[in-house]
Protein chains: 2
Amino acid sequence: MTDVQNRPYHHGDLRRTIIETGLDILRDEKNWQFTLREVARRAGVSHAAPYKHFPDKAALLVELAMIGFDRLREALAGAKPEAPQSLFEEIMPISLAYVAFGTDNPALYRLMFSAEEGRSVGMHLDQRALAVFDIVLDMLSRGQDAGTIRKRPVRGQATAAWALIHGITLLAIDGILVPEKVGSAPLDAAIATLVEGLAIPQPI
Amino acid sequence: MTDVQNRPYHHGDLRRTIIETGLDILRDEKNWQFTLREVARRAGVSHAAPYKHFPDKAALLVELAMIGFDRLREALAGAKPEAPQSLFEEIMPISLAYVAFGTDNPALYRLMFSAEEGRSVGMHLDQRALAVFDIVLDMLSRGQDAGTIRKRPVRGQATAAWALIHGITLLAIDGILVPEKVGSAPLDAAIATLVEGLAIPQPI
DNA sequence: TCGCAATGTTACCACTGTCAACAATGTAGT
DNA sequence: ACTACATTGTTGACAGTGGTAACATTGCGA
């Protein structure tokens, strides 16, 4: 266990440091210029050092995207209401948590769904993304069992739910859907529309 | 009017050529490496020539994104059904056209909604994007007047509709929502769910 | 016809991703 | 303890990129 004080030749735990530095850059770099050399620079290490831990830049980005999916899943799990009285009360907090995660970590969220880096992210993305998808899927399945949502292919309904929230999140990140307050009117209305589409119609 | 045959010193209409070449690259470059030098190369011109027509790379990308929005708007306008018998019949073809546009022009569609290039695209995007948004808005307004959709803030419902289709399109581009056939089951189901959320509930 | 503005080219700069060669360090086997 | 080796970090190079400045060529108006 080397002492951190005297900057030894070997960093000690450079891999983790690189990942954390990468997350930092994703967090405060609004201009999305993610350079491997900048990561190395911030980590106080030479520009080629990261290559001892990651085969190339895309690999690091994949790693970061993975962490992003993990965090998103945790955020959703943490937002799940305990005793929802209606489908709306169940879906709303999770949706808000999802959108909030996206607007709080715009660069990271974009990275998660970007196929721009040589298709790598997209390739490895399936499993983790589907883990998030499964949260929605479970929610709707239970709702269907409880008789609160329509009897339609669950997969299609989950797709609708995910796509809607995903779309809202990206529109919010892009500043098109005013993300002033997360609890803004269009957002609530959009989610309400989704819930109406899922729920079994009630007598007016 | 210079003859195109003998490659004069002055290209003649380089600006348009650059834009078209850019669109070509967007079309067949799946790997999303959009280099200004490659554009110049394909246009058969020196690597600095584009700077006489565009201040920088971002400006060209903004231009391309604009064209993308124009084309999307035209595609949607062309897909509008003539005499829809229901809200579903009205929304479905437009939605399919939207998703098809995205999956047919993945790189272009991504560019349209990417704020990665120095926020330029996002800044200039508003007007054109809202033009697309207005198509949805008009559709829902007319539906509300006709009494086929719920009386809720139109803006929120239009947001829901757009976000859902936008999300579906991106998920399809990312290959998460199997885009095998555009008329796939999850896609139809998702749109159906949307329509149910918009429409006034019918007696079962 | 002459001079200037527009447009294209060349040469250069800083920067990036990536690789090869080299240096320092930890560690296993004797 | 000593030595050979694998690990990890550094330096220096390469090609490719966005961008700028200086220069060349052309078209066009006075």
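All values derive from a computational prediction rather than experimental measurement. Residue numbers begin at 1 in each chain, while the letters A, B, ... track the order of the sequences.
For B/R41, a side-chain nitrogen or oxygen approaches OP1 or OP2 of D/dT17 to under 4.0 Å. Contact annotation: B/H53 side-chain N/O to C/dG8 OP1/OP2 distance is under 4.0 Å.
Residues satisfying the salt bridge (Lys or Arg N to Asp or Glu O under 4.0 Å) criterion with B/R71, sequence neighbours excluded, are absent altogether.
Classification of the B/Y98-B/Y109 ring pair by plane angle, with boundaries at 30° and 60°, yields perpendicular.
Between the CG atom of B/L14 and the P atom of D/dT26 there is a distance of 16 Å, given to the nearest Å. The nearest whole Å value for the distance from the OH atom in B/Y51 to the P atom in D/dA21 is 12 Å.
For A/D145 and A/R142, the salt-bridge test fails: no basic side-chain N is under 4.0 Å from an acidic carboxylate O. In this structure, A/D174 pairs ionically with A/R110, as a charged nitrogen and a carboxylate oxygen lie closer than 4.0 Å.
Summarising the geometry, atom CD1 belonging to A/I149 is positioned 8.0 Å from atom CD1 belonging to A/I200; distances are rounded to the nearest 0.5 Å.
Nearest-nucleotide assignment on DNA chain C puts the 5′-proximal partner with B/K52, out of A/T35 and B/K52.
Within 4.0 Å (heavy atoms only), B/F34 reaches sugar-phosphate atoms of the nucleic acid but no base atom.
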Atom pairs under 3.5 Å, N or O on each side, protein against nucleotides 10-14 of chain C: can you list them with distances?
from: C/dA11; atom 1: N6; to: B/H47; atom 2: NE2; distance (Å): 3.2

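Listed nucleotides C/dT18, D/dG19, C/dG8 differ in distance to B/V45; the shortest reach to its side chain belongs to C/dG8.
Using a 4.5 Å heavy-atom cutoff, the side chains of A/E38 and A/Q33 are not in contact.
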